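Shown next, in C-alpha cells, is the structure this report addresses.
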Amino acid sequence: MVRESFGDRLMVMIIYVFLSLLAITTLYPFLNALAISFNEGMDTSRGGITLWPRVFTLENYGVVFKDERLINGFVVSVLRTVIGTFSSILCTAIFAYGMSKKELIGRKYYMIICIITLYFGGGLIPTFLLIRNLGLMNSFWVFIIPSLIGVWNMIIFRTFFQGLPAGLEESAQIDGCGNWGTFFRIVIPLSGPVIATLCLFTAVTHWNEWFLAGIYISDVEKYPIQTILRQILLSNIVSDQGGLDSSALAHMAKVRTITSKSLSMATMMVATLPIITVYPFVQKHFVKGVLVGSLKE
C-alpha cells in the first residue's frame with residue numbers, strides 16, 4: 001500500500017476547500033432567493049434575509065398562481081420542453097446514425113458543412129426572414145422546428161454510435177432487421193447514458209430560452225414563462241401592477257405586504273424549480289454520457 005505524501009494530502013485538502021467555497025458561492029444566491037420568495041414582502045424590504053425566511057408566508061406564490069399569464073407561460077414552457085426535447089433528440093440521433101456510417105457517400109463533406117455551422121451563423125435578420133417565409137411567426141412551432149438538429153449533439157451521438165461493436169448490427173441484419181429496425185431495436189436501447197445526458201442538456205436549453213419569443217411571438221399568451229419572468233424583472237411591471245391580470249390584482253389588493261421583489265423571487269422559483277428537479281434522475285449518466293463525446297475519427 002502506497003502512503004500519500006504530505007504534499008498529496010495538502011493538495012487534496014486545497015481542492016476540497018476550493019470546491020466547497022465554489023459550491024457555497026453557487027448555492028447561496030439560489031437559497032437566498034428561495035427564502036425571499038417565502039418571506040413577507042414588507043419584511044423583506046428591511047433587509048437581513050439570508051437562508052431562511054424571517055416572516056414565513058405563501059402569499060407571494062398565491063399571487064403568482066392567480067396570474068393566468070404566468071400559468072399560460074408555464075404550460076407553454078412545459079410543452080415546449082417536452083416536445084422540443086423529444087423531437088430534437090430523435091431527429092439528431094437519426095442524423096448522427098447516418099453520419100456514423102463510413103460507407104455514406106460524401107460523409108466527410110457533410111461533416112465539414114455541419115462543423116461550419118458551429119462557428120458561423122446567418123445572423124439575426126436572415127434568420128428572421130427565413131422564419132417569416134416558413135410561416136412560423138407567432139406560432140408555437142417556432143420553438144421546435146429550428147432546433148430539430150443540434151450539430152454538437154450530433155457529434156456526440158455519432159462518436160457513441162461509432163464505438164458500438166459492428167457485430168451487433170451485423171447480427172441484427174442477419175436476423176432480418178433493416179436500418180430502421182437496427183436503429184430502434186439495437187442502437188437506441190444501448191444508448192441510454194448519452195440519450196439521458198443530451199436530453200437533460202436539450203431540456204435545460206428549451207426551458208431557459210426566452211429570446212425567440214420576444215422576436216417571433218406577438219401574442220403574449222404564447223410566451224414561455226422565462227420571457228414573462230424577464231419582463232417582470234427588467235420592466236418592473238409588478239410594482240405598478242401593470243402586468244397582472246384581474247384575479248391576481250384582486251388577490252394582491254387584499255394582501256398589502258407583497259412587494260415587487262418578493263413577487264419576482266416567487267416567480268423565479270416557479271420558473272426554476274421544475275427543471276432543477278430533473279437533475280437527480282439523470283445525474284448518474286453524466287460522466288459516461290459526456291465522456292463519449294470526445295472527438296475522434
Side-chain angles (χ1 to χ4, degrees), residues 64-65 67-99 114 117 121 127-128 130-158 160-161 180 183-185 187-189 191-231 267-283 285-286 289 293:
V64 170
F65 288 111
D67 190 343
E68 293 185 0
R69 189 186 58 161
L70 293 173
I71 299 300
N72 290 336
F74 185 81
V75 173
V76 170
S77 291
V78 170
L79 291 176
R80 174 186 179 177
T81 301
V82 173
I83 299 175
T85 300
F86 175 80
S87 59
S88 178
I89 293 299
L90 178 62
C91 294
T92 302
I94 293 174
F95 182 36
Y97 182 66
M99 293 293 292
C114 291
T117 64
T127 303
F128 179 86
L130 174 63
I131 295 298
R132 188 185 64 180
N133 292 335
L134 290 175
L136 296 178
M137 296 295 293
N138 200 33
S139 171
F140 172 80
W141 298 106
V142 74
F143 301 133
I144 309 298
I145 295 178
S147 60
L148 283 179
I149 300 293
V151 174
W152 181 252
N153 291 346
M154 182 275 291
I155 295 175
I156 296 178
F157 266 127
R158 187 201 62 159
F160 181 84
F161 294 156
W180 290 107
F183 177 74
F184 285 107
R185 296 183 181 181
V187 176
I188 290 298
S191 307
V194 67
I195 289 177
T197 302
L198 295 182
C199 276
L200 179 62
F201 291 163
T202 305
V204 170
T205 300
H206 273 289
W207 184 269
N208 290 335
E209 203 283 323
W210 54 268
F211 185 68
L212 290 180
I215 300 178
Y216 303 121
I217 302 297
S218 57
D219 190 351
V220 179
E221 294 182 354
K222 297 180 181 180
Y223 277 3
I225 194 169
Q226 299 295 347
T227 304
I228 298 174
L229 175 60
R230 177 180 178 273
Q231 291 181 340
T267 307
M268 186 186 304
M269 289 300 106
V270 172
T272 305
L273 287 177
I275 199 66
I276 289 180
T277 57
V278 178
Y279 276 91
F281 297 99
V282 294
Q283 186 177 7
H285 299 296
F286 270 6

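Nothing here was measured: the structure is a model prediction, and the numbers come from that model. Side-chain atoms are counted along with the backbone in the values below, which use heavy atoms only and exclude waters and symmetry mates. Counting begins at 1 with the first residue of the sequence.
- Ser191 approaches Val187 most closely through the heavy-atom pair OG-O, 2.7 Å.
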Start with the C-alpha distance between Arg80 and Leu212, add both sets of side-chain angles, then the distance that settles side-chain contact (heavy atoms from CB on, under 4.5 Å), and finish with yes or no. CA-CA 12 Å; Arg80 174 186 179 177; Leu212 290 180; 4.0 Å; yes
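- Of the possible donor and acceptor atoms, none in the side chain of Glu68 sits under 3.5 Å from a partner among the backbone N and O of Ile71.
- To the nearest 0.5 Å, atoms CD1 (Ile156) and CD1 (Ile195) are separated by 12.5 Å.
- Side chain of Ser147 to main chain of Ile144: a donor-acceptor pair is present (N/O by atom type, distance under 3.5 Å, no hydrogens or angles).
- Taken to the nearest 0.5 Å, the CH2 atom of Trp152 stands 10.5 Å off from the CG atom of Leu198.
- Shortest non-hydrogen contact noted between Ile225 and Leu70 is CD1-O, 4.2 Å.
- Under the 3.5 Å distance criterion, the side-chain polar atoms of Thr202 are left unmatched by any main-chain donor or acceptor of Cys199.
- Between the side chain of Gln226 and the main chain of Ala271, a donor-acceptor pair closer than 3.5 Å is present.
- Taking the side chain as every heavy atom from C-beta outward, Trp207 and Val78 approach each other to under 4.5 Å.
- Contact of the Thr197 side chain with the Phe201 side chain is registered, since non-hydrogen atoms from C-beta on lie closer than 4.5 Å.
- Inter-residue side-chain proximity for Glu209 and Pro224 is flagged as unmet; no heavy-atom pair is nearer than 4.5 Å.
- At distances below 3.5 Å, at least one donor-acceptor pair connects side-chain atoms of Thr92 with backbone N or O atoms of Leu148.
- Ring planes of Phe184 and Trp180: parallel class, angle under 30° (limits at 30 and 60°).
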Start with the C-alpha gap between Phe143 and Ile217, add the side-chain angles, then the distance that decides, and say whether side-chain contact (heavy atoms from CB on, under 4.5 Å) holds. CA-CA 10 Å; Phe143 301 133; Ile217 302 297; 3.8 Å; yes
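- The aromatic rings of Phe161 and Phe157 lie parallel to each other, their planes meeting at an angle below 30°, with 60° marking the opposite boundary.
- Taking the six-membered ring where the residue is Trp, Tyr216 and Phe128 present parallel rings, their angle staying beneath 30° rather than reaching 60°.
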May I have the step-by-step check of side-chain contact (heavy atoms from CB on, under 4.5 Å) for Phe86 and Val82, ending in yes or no? CA-CA 6 Å; Phe86 175 80; Val82 173; 5.7 Å; no
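- In this structure, CG in Leu200 is found 6.5 Å from CD1 in Ile275, a value given to the nearest 0.5 Å.
- The shortest heavy-atom contact between Glu221 and Val76 is O-CG2, 3.9 Å.
- In terms of heavy-atom proximity, Pro274 sits nearest to Phe74 at CG-CE1, 3.7 Å.
- Contact of the Arg69 side chain with the Val220 side chain is registered, since non-hydrogen atoms from C-beta on lie closer than 4.5 Å.
- Atom CG of Leu229 sits about 6.0 Å away from atom CE of Met268, to the nearest 0.5 Å.
- Although no hydrogens or angles enter the test, the distance criterion places no donor-acceptor pair under 3.5 Å between the side chain of Thr227 and the main chain of Tyr223.
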Hey, mind stepping through Trp141 and Ile83 against side-chain contact (heavy atoms from CB on, under 4.5 Å) and telling me if it holds? CA-CA 10 Å; Trp141 298 106; Ile83 299 175; 4.2 Å; yes
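- Distance OG/Ser87 to CD1/Ile145: 9.0 Å, rounded to 0.5 Å.
- Nearest heavy atoms, Val64 versus Val270: CG1-CG2, 4.0 Å.
- Using a 4.5 Å heavy-atom threshold, the side chains of His206 and Leu79 count as separate.
- At least one donor-acceptor pair closer than 3.5 Å links the side chain of Asn138 to the backbone N or O of Ser218.
- Expressed to the nearest 0.5 Å, how far CZ of Arg158 lies from SG of Cys114 amounts to 9.5 Å.
- A donor-acceptor pair under 3.5 Å is absent between the side-chain atoms of Ser88 and the main chain of Thr85, judged by distance alone.
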